[in-house]
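The structure appears below as structure tokens.
None of the values given here were measured: they were computed from a predicted structure.
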Amino acid sequence: MTAPATTPDPDASAPSPQGELSTLVQEANDGGISYQRMAERSKSLPKQFFQKLVKHPPAKPPNPEQMQAIAVAIGKSLNRVKEAVASQWLEYEATELAGYDEEVRIIVGHLAGKPKADLLRWRMMIEADERARRESE
């Protein structure tokens with residue numbers, strides 16, 4: 001009976017568990033920021049925190065203080081880190097409504113999560129209003 005010369009690494013063949021935040025940290029590391037440097041920049045998180053976040057993300061998302069420290073450590077905005085956390089742990093995709101006033105944001109927020117039939121009805125009402133306005137001008 002023969003044995004392989006080296007024991008295969010069980011993690012080597014497993015698919016990567018990376019989510020969006022893990023990817024952001026990995027990209028920062030690939031870009032030249034070592035895990036040790038991330039720890040130093042964060043001022044509160046150890047090097048192992050960043051390593052585990054990439055290789056074996058925890059079941060629980062980082063808390064707000066940790067998110068702030070991660071943002072500083074990897075040189076990203078806190079909003080970007082929060083979006084990545086929401087995506088990785090909550091499967092939530094954030095959409096930015098830049099350039100719109102508060103009224104539009106309220107309307108979009110109100111319609112979020114509505115059934116397709118309701119969205120179609122609202123869209124038809126808005127489009128009918130726009131047509132009526134154009135025709136009256």
Side-chain angles (χ1 to χ4, degrees):
M1 184 167 143
T2 60
T6 58
T7 306
D9 180 3
D11 291 336
S13 60
S16 172
Q18 283 194 331
E20 195 168 333
L21 182 62
S22 298
T23 300
L24 280 180
V25 172
Q26 180 66 57
E27 287 172 354
N29 184 250
D30 292 345
I33 305 173
S34 70
Y35 294 126
Q36 181 60 44
R37 182 70 182 124
M38 288 179 201
E40 291 165 1
R41 289 170 74 171
S42 79
K43 294 186 170 64
S44 61
L45 301 173
K47 169 180 145 178
Q48 294 80 5
F49 177 90
F50 295 99
Q51 291 171 320
K52 287 179 183 176
L53 189 57
V54 170
K55 303 234 185 274
H56 303 287
K60 286 177 35 182
N63 65 39
E65 292 81 21
Q66 290 171 325
M67 285 188 274
Q68 177 64 46
I70 292 166
V72 169
I74 65 173
K76 299 288 182 184
S77 71
L78 179 57
N79 265 357
R80 179 68 189 100
V81 169
K82 285 180 177 181
E83 288 173 359
V85 167
S87 174
Q88 184 163 332
W89 277 273
L90 303 175
E91 297 179 7
Y92 175 81
E93 296 299 323
T95 303
E96 181 67 33
L97 292 175
Y100 294 99
D101 64 13
E102 187 62 24
E103 291 301 315
V104 171
R105 288 189 187 109
I106 290 169
I107 292 167
V108 171
H110 176 76
L111 295 176
K114 295 276 187 195
K116 282 213 181 272
D118 285 353
L119 293 176
L120 180 60
R121 185 171 56 85
W122 278 95
R123 180 179 180 163
M124 291 171 71
M125 287 189 298
I126 292 167
E127 289 173 350
D129 178 66
E130 288 176 353
R131 270 192 310 277
R133 257 192 273 159
R134 276 194 306 270
E135 290 171 5
S136 68
E137 291 176 348

Considering all heavy atoms, the nearest S44-A69 contact: OG-CB, 3.6 Å
Transitively linked via ILVMFWY side-chain contacts under 4.5 Å: F49 with I33? yes
Cluster link V72 to F50, ILVMFWY, side chain under 4.5 Å: no
At what distance, to the nearest 0.5 angstrom, does CG of D129 lie from CZ of R134? 10.0 Å
Taking E20 for the side chain and S87 for the main chain, is one N or O donor matched with an acceptor at less than 3.5 Å? no
Closer than 3.5 angstrom, by distance alone: can the side chain of S42 be matched with the main-chain N or O of I70 as a donor-acceptor pair? no
Counting C-beta onward and ignoring hydrogens, is there a side-chain heavy-atom pair between N29 and M38 closer than 4.5 Å? yes
From NZ (K47) to CZ (R37), nearest 0.5 Å: 14.5 Å
A84 to L24 - nearest heavy-atom pair and separation: CB-CD1, 3.6 Å
Tell me if the CE atom of M124 is crowded by more than 12 foreign heavy atoms within 6.0 Å. no
Should the pair R131-E135 be classified as a salt bridge under the 4.0 Å nitrogen-to-oxygen rule? no
Within a radius of less than 6.0 Å around CZ of R121, do more than 12 heavy atoms belonging to other residues, nucleotides or ligands occur? yes
Treating W89 as the side-chain partner and P62 as the backbone partner, does any N or O pair qualify as donor plus acceptor under 3.5 Å? no
Under 3.5 Å, is there a donor-acceptor pair linking the side chains of N79 and E83? no
How many angstroms lie between atom CD of Q36 and atom CD of Q51, to the nearest 0.5 angstrom? 9.0 Å
Check the hydrophobic clustering (I, L, V, M, F, W, Y; side-chain heavy atoms under 4.5 Å; chains of links allowed) and say if L119 and I126 are grouped together. no
Crowded around E91 CD? As in, over 12 foreign heavy atoms under 6.0 Å? no
Give a yes or no on whether the backbone of S22 and the side-chain of Q88 come within a donor-acceptor separation of less than 3.5 Å. yes
For the hydrophobic clusters of this structure (ILVMFWY residues joined by side-chain heavy atoms under 4.5 Å, transitively), does one cluster hold both L120 and L111? no
Would you call E130 and R133 a salt bridge, using N to O less than 4.0 angstrom? no
